[in-house]
Amino acid sequence: MAAATPADKVLVSTHLSDVYSPLQIPAISISTSKPHVPFPPQASDVEPPPEHALHSSLFHSVQTGVVLLRLIHNGLIIELVSLSTEAPPIRFVFPYTVLPSPAVVLWETRELHILAVTASGSLYRLVLPLQSPRRLWSTHMINNWCREYHLKYVPEYLQALVQVQGTHTVALALTNGSLVRLDAETIGDKTTADHWTENIFHHNTFLASLTSFLHQNSTDGSHIIAVATHPQPTDIGHVWTLSRDRTLRLWTARSGCTSAKLLPSMASPRRELSPGTSTSSSKPGTLLDPAPQKLITVYDGPNVLVFIPTPSSSASGGFFQLFSVFNDHLQLVETFEASRESAHGHLQDFTVINGYLYTLWDRQGQAAVEILDIPMSDVSSELEAVGWRVVLYPYEPDWTPAYLDELLLSPGSLTEKFFSVVMRPGVFSPYTLRTAIDQYTDACRSLPGPPPAPLITSYISLGEQIAAVVGCTVTLTRDPQTGALQYDKYWVSLKRDWEGFIARCRAVERSARWPLALGIGPRGEVLIAERERTGALAVEDLPLRLHRHLRADLGVEPQFAICEIAWNLRTRMGPRVLRALEGRVVDLTQQEIAFPFADIIVDTAARSAFRASLDDGADSWLVGRLQSVSDVETSTRLVLDLVGGFDRAVKMEEDEVELLLPQHVSVHTRMLTAAYATHSVQARYDFILALVALLFFFAEDLEDWDPSLLTEVFAVFRGVAMLRYAAEQPAFDAAPFTVVDDADEVAARLRALGMSRSAPAASSPTPALFPCLLEQIGGATVDAPLAVAAHAFLDMSGLLQATSTAHASRLEVLWCERLRSLGFLDAARETLEWLPRSPAVMYVWARLWLDVGRDAEAAEAMDSLAGCFGPHSALSFEDADALAAVLPGGQLFDSVFGLCLHASSLFKSASHTDHDVHFSRLAISNAPPEWDTTDLWNTIIRGATDLEYWDEAYAALMATPHDILRRNCAQHLVHRMCEEHAIERLMSFSFVDLVDDVEGSLSFKARNVDPRIQPSYSRILYTWYVTHGDYRNAALAMYQRARKLAALSHASEPAQYFPLAEQQLESLVICSNALALLDQKDAWIVLPIVPEVLGLRQSERKRRKLTRHIPEERFASGKRDLEVVKLSDVIAEYTLLSAQLDLVKKDPELLNSSAALRAPESVILKLVQNNRFDLAMATGRTLEVDLSDLFSHLTRECFRLSRHPDAVLSEDTTDWLLTDKAKTWAGTSSDRGWRYLRQSLERHDGPETDLRYSKIVFETMIGLERASSPPPWLIQRLEGHDPEWLIRACMRFELLELALEQTLSLIHKAESHLAQGPPKATASTWLPYPLIDQLLVATNEQTQSDLSKRAIDLRLDLHREVSNGARRAQRLSHQLYQEL
């Protein structure tokens, strides 16, 4: 590959926990068939966190792309990560520690093989069939996918270096200097196992004894610390090793060690030493570190490059020796030293790619790559000066307490600033944050006393937990002497806690950034693997290069002299002045500008005393340097091109237009592209801020400048600031934790944590905002270099193309709209603050306010756009283009009508009915004549109804021209007003032409809605009819309500029965009142016949079926009969129900026997039994029920009181003797009882009843006590109405004396009438002579002893009166005959 100049490279990396979550990786457990394998050793405190890799390697092939192999969890888990595809990572949990270094190889382009050796002496081959280019592997394994081979002659704990040489060969370099070579004669398949052969070679003889293999604990110079083979594919089977005594050996497959070279301890002119040569380098004190290291690399030739570290040297970190291999022997070619920058560094990996040597160094926890063109001279008498080129990461601030203090110089709260630091993308990984917060929580819990609530609370996201937990132990205290709140102490303690948490994050992140390995990518680019990060070498663009040079005080090209001056000014200003200036510039850029920028800069510089903050020397130096610049304006334009443009090294060519097309790239590639773009944006921001500071420095000279240049400066500053803000924002504070419910998933995660050992759990990925935007906008492609993809993304954002702050370009507005549409509302709000309030910006503001629930501001913004559409619009071309870009369909509306329709739909989807109605009204007022406005009117009417704007809803209802809509909406309005209890307002509406619809709607609800729930549609319907004077329908509504309540009141529980019965009574009363308002002959209602309910039976109410006199053929089949309910029927139902309710209140057990309450006779009987005589009489009279039993019972009660006067105190007589009226009567309780009976007869017994009840009382009295005479008042009632019955009753009960008295009285009355004049009518003198004869016969049959003296006298008088009467009758007849 014809690579770009290595010096123009930069390191870019991303955290692996930003790409995937360790909790979401499937873990596959691997078992062993070897017996007595012990538990793996526990990790020590000095070990890195479990998710930090101990070993990493990068594998690349055309079929798989780049695959990262990581050895994590103290060597128990091997993880495979695809960096080129979307294949999810996969993990394999081994039963024992895996030795370094496992490897992944490709088998016949269709399988990936993982070869790993465990310290328990097992060689594993894991087979993963390749699925597809986008999904390399699957968790569903094939048969015999895991194959184990037991090594021979291994101790209990094997210590060796593993070198995998393809699919068939594995070499083990032992600590005693021996080499074990494993060759696979055959590779198994789904049913068969691999067949391995072992060969043991010793470095002293080619045929080493077996005993030499068993002594592996030797710590002498033979201990092998590095091993290497030729990269695959190759047919070279040699193995090269380096032992602690710096002996480089070549091992062949057949002969073992065939060549050995003793390497010097210090770089010297090229000469060779034999292994037996005695030099200072062979002393035990100069042995190399026993830890395994990458000190050998082999490349085409084969050539062997060996690194000899010199940790004690301050000149460099070591030196390299290049050997060639000829006839299985090593021959020194060249010796050259590492760079001076490598001093006190540690070489982690090195490789040769396309003639360049790439070395990966660890510099105090930071990775550095040094590149060298390998010298290949055959003869060299002295060391040549070698030109190393160093590749570093772009500048990143070190989050020390001093830098954190600088952050506090700008406005904002301490917690907010420190929280934004830890959550900034690329600073700390999610796993780092999780580990640090767990450590912080454990430390806080170890404090004495109960833990604060935030420490024991569960949180949805990692960011929420950090914000709540950090500083939770800090409390605001009072001064013990003054009692004043110690705010200063509180803020100092809070700052100390945050600094401590950030220090924990830095410590974990330092381990995460430990470099491990180099690799090569699909385009030949160099990749690096760190413990928890992966990165790549990318072309360094011009802003990054100049930024690096200026920070390192290196020279820059003459045309960028203005950059050097501005940077020097930035450095001399100090952090406090720089932060203050930055804040003023931001405020200035976000404001609407009404004056020239030159005047604003002069005024701001004067008020801020900016120049006075510099010392005299710095001021003079800057003035002198500016004078050396021939054309400051031209140089300024060059800086603007630097900040806002692309240099030629990374600018897209014409054949790279496919970058603009959406392409599928892996998450890892997007993250790297976003990281590169972030670094480039930060460098550009530093340049533009330094340039603005320089403008403030010589503000007095700006009056002669081109105003458009100053405007462009601030426009570029605005664009870069917007990009910088987006680059520093996480997409989310933290992803939510996953809830584990499945037992298998729990077990898998326990395996992933290393045989149930405790380990910090990693959070879900916390993506940054830039990668999300990169996925939407584009730029990153499969084949594009990082710099090209990053610049394409920045170019397509459009934020660096603005030339004026007074305008918002199309791409700028699209950037804000894209943030809003992706759900990044805070970022969209902050970005919109930078742009002027153009129509397009206001539209995005409206959409944003609508998303955050500020509907009033959104509606106002939408209203402001009304003048931007139609033929009379005053929009400029730029504003029209920007507005069309964010509108639906990508074009402007033809008129305000289109805007109103769109706004209405937006507010409707957001459920903001008020504004939906508002814009629907505007749409109707601007609608074309041919437009169907039915939906708009429907929105207005229903919206106003839902908002309870009753007057507006009614007005719109009556104004709509659509009749069907009016009728439908009228029903909706009525129902809603009823539901919201706006009955009074409903009754005030006339509903012209809609009365039938309203009544039908209410009637339907009244018939079908449960009458127990609110609103009560029956009452509302009743109110409606009464308001409109329709009393008959009003009564019908309430009667139907009573019927429904009656059907529901068949409950055995009193708590359910009483409310329903009381409501039914109320409904019947209201119904009767309504019917009473009608003419009495029309006081009736008609309703369909329904099944009998609790109450009167229809036969007893004597209702008349209307169809009884109408032929059935007049009606269609299925018609129901109707019945007429009169006012008297309603009153009867009310009376019966009232009596039933009274009984149930006294005895709730009656509810269990519905028959006892069904018939009116039964109800009255129950009332009588309870001595409720008044209620029983009133009920019976209303229901026209015979009360004979009642009066008979009452008579017996009176007799009982006469015989037992004290019974009134022991029995319940409160309803008839102890009432307020009865208590005023004189006499005993017996007297009051008889008086009550007399008054009851006077009230309820008369000619209309034929004194039936008085006769019952008489018979009851005689039946109970014949010896006593009935009371005179009773005899008078009967004598005056039916004396004949009285006589017969006396005869029946053998009261002959009384019978004789009544007969004589009857005759005397007849004679008195006859004496007053002759009879004027036939039978006017009639007497019951047969009854008199019967009485006389009865008395004659009695003996003298049976009759009293008075009875005998009365009988004689009766004979005399009858005889005299007969003579008078004859005389009267004779007179009448003569007159005729």
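Every value quoted in this text rests on a predicted model; they were computed, and no experiment measured them. Position 1 is the first residue of the sequence; numbering continues from there.
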Problem - Whether R548 side chain and P543 backbone form a donor-acceptor pair below 3.5 Å - result: no
Practice task
Give a yes or no on whether the backbone of H15 and the side-chain of Y431 come within a donor-acceptor separation of less than 3.5 Å.
Solution key: no
Problem - salt bridge (Lys or Arg N to Asp or Glu O under 4.0 Å) involving R847 - partner list, sequence neighbours excluded - result: none
Fill in the blank from the handout: Rounded to the nearest 0.5 angstrom, the OG1-CG distance for T604 and L695 is 12.0 Å
Completion exercise
residues 518-550 vs ring-ring contact (aromatic ring centres under 6.0 Å, His included), sequence neighbours excluded, gives H547-W567
Problem - Residue list, ring pair (Phe, Tyr, Trp, His ring centres under 6.0 Å) with W514, at least two apart or on another chain - result: none
Exercise for the section: State which residues pass side-chain contact (heavy atoms from CB on, under 4.5 Å) with P397; sequence neighbours excluded, sorted by chain then number. Expected result: Y395, W399, Y403
Handout entry: Test item: R670 side-chain N/O and E775 main-chain N/O as donor-acceptor pair under 3.5 Å
Key = no
Exercise for the section: Using a strict 4.0 Å threshold on nitrogen-to-oxygen distance, state whether R820 and E817 make a salt bridge. Expected result: yes
Fill in the blank from the handout: Across all chains, not counting sequence neighbours, the side-chain hydrogen bond (donor to acceptor under 3.5 Å, both in side chains) partners of E633 are none
Handout entry: Sequence-distant partners of Q590, side-chain hydrogen bond (donor to acceptor under 3.5 Å, both in side chains), two or more places apart
Key = none
Extract all donor-acceptor atom pairs below 3.5 Å that involve side chains of residues 414-428 and protein atoms in other chains or at least two apart in sequence.
| from | atom 1 | to | atom 2 | distance (Å) |
| --- | --- | --- | --- | --- |
| K417 | NZ | S410 | O | 3.3 |
| K417 | NZ | S410 | OG | 2.7 |
| K417 | NZ | P411 | O | 2.8 |
| S420 | OG | E416 | O | 3.3 |
| S420 | OG | K417 | O | 2.6 |

Problem - R363/E370 ion pair, N-O < 4.0 Å - result: yes
Exercise for the section: Look at D541 together with R684 and state whether they make a salt bridge at an N to O cut-off of under 4.0 Å. Expected result: yes
Problem - With R718 via salt bridge (Lys or Arg N to Asp or Glu O under 4.0 Å) - residues at least two apart - result: E812
Handout entry: Qualifying residues under side-chain contact (heavy atoms from CB on, under 4.5 Å), relative to P707, sequence neighbours excluded
Key = none
Handout entry: Residues in salt bridge (Lys or Arg N to Asp or Glu O under 4.0 Å) contact with D826, at least two apart in sequence or another chain
Key = none
Just distance, no hydrogens or angles: give the donor-acceptor pairs under 3.5 Å from side chains in residues 576-586, sequence neighbours left out.
| from | atom 1 | to | atom 2 | distance (Å) |
| --- | --- | --- | --- | --- |
| E582 | OE2 | Y685 | OH | 2.4 |

Fill in the blank from the handout: With sequence neighbours left out, the residues meeting salt bridge (Lys or Arg N to Asp or Glu O under 4.0 Å) with E830 are none
